[in-house]
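One structure below.
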Amino acid sequence: MFAPSIVFGFGDFERVLDCPRNLLAARLRMLVEEGILATETYEESGSRSRP
């Protein structure tokens with residue numbers, strides 16, 4: 001049985017899918033190009049500005 005996981009970044013995808021990094025990178029790039037996924041700039045925890 002597959003338990004759903006929350007995925008936040010490349011490392012999470014890599015851990016959950018357990019596939020080679022080059023294959024994962026190519027597939028994620030394709031999904032971004034097709035508009036299915038979007039890239040966002042990574043921000044360290046606590047680095048966001050507060051109003």
Side-chain angles (χ1 to χ4, degrees):
M1 175 182 245
F2 179 75
S5 299
I6 297 174
V7 178
F8 293 105
F10 187 88
D12 294 328
F13 275 111
E14 185 178 28
R15 179 179 46 79
V16 170
L17 298 174
D18 191 33
C19 72
R21 290 178 62 88
N22 61 336
L23 177 62
L24 177 58
R27 299 268 171 94
L28 290 174
R29 191 176 310 111
M30 181 185 67
L31 292 171
V32 169
E33 290 170 359
E34 294 295 323
I36 296 168
L37 294 178
T39 58
E40 293 187 15
T41 304
Y42 178 77
E43 294 183 18
E44 290 289 335
S45 179
S47 67
R48 294 181 295 201
S49 61
R50 300 205 171 19

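Values below: every heavy atom of this structure, side chains too, minus hydrogens, waters and symmetry copies. Sequence positions, counted from 1, serve as the residue numbers for this chain.
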**Prompt:** Between CG of Leu31 and OG1 of Thr39, what distance do you get to the nearest 0.5 Å?
**Reply:** 12.5 Å

**Item:** CG-CD distance between Leu28 and Glu14, expressed to the nearest 0.5 angstrom
**Value:** 10.5 Å

**Prompt:** Do Val32 and Leu23 share a hydrophobic cluster (ILVMFWY, side-chain heavy atoms under 4.5 Å, transitive)?
**Reply:** no

**Message:** Could you see if Phe13 belongs to whatever hydrophobic cluster contains Met30? Use Ile, Leu, Val, Met, Phe, Trp, Tyr and a side-chain cutoff under 4.5 Å.
**Reply:** no

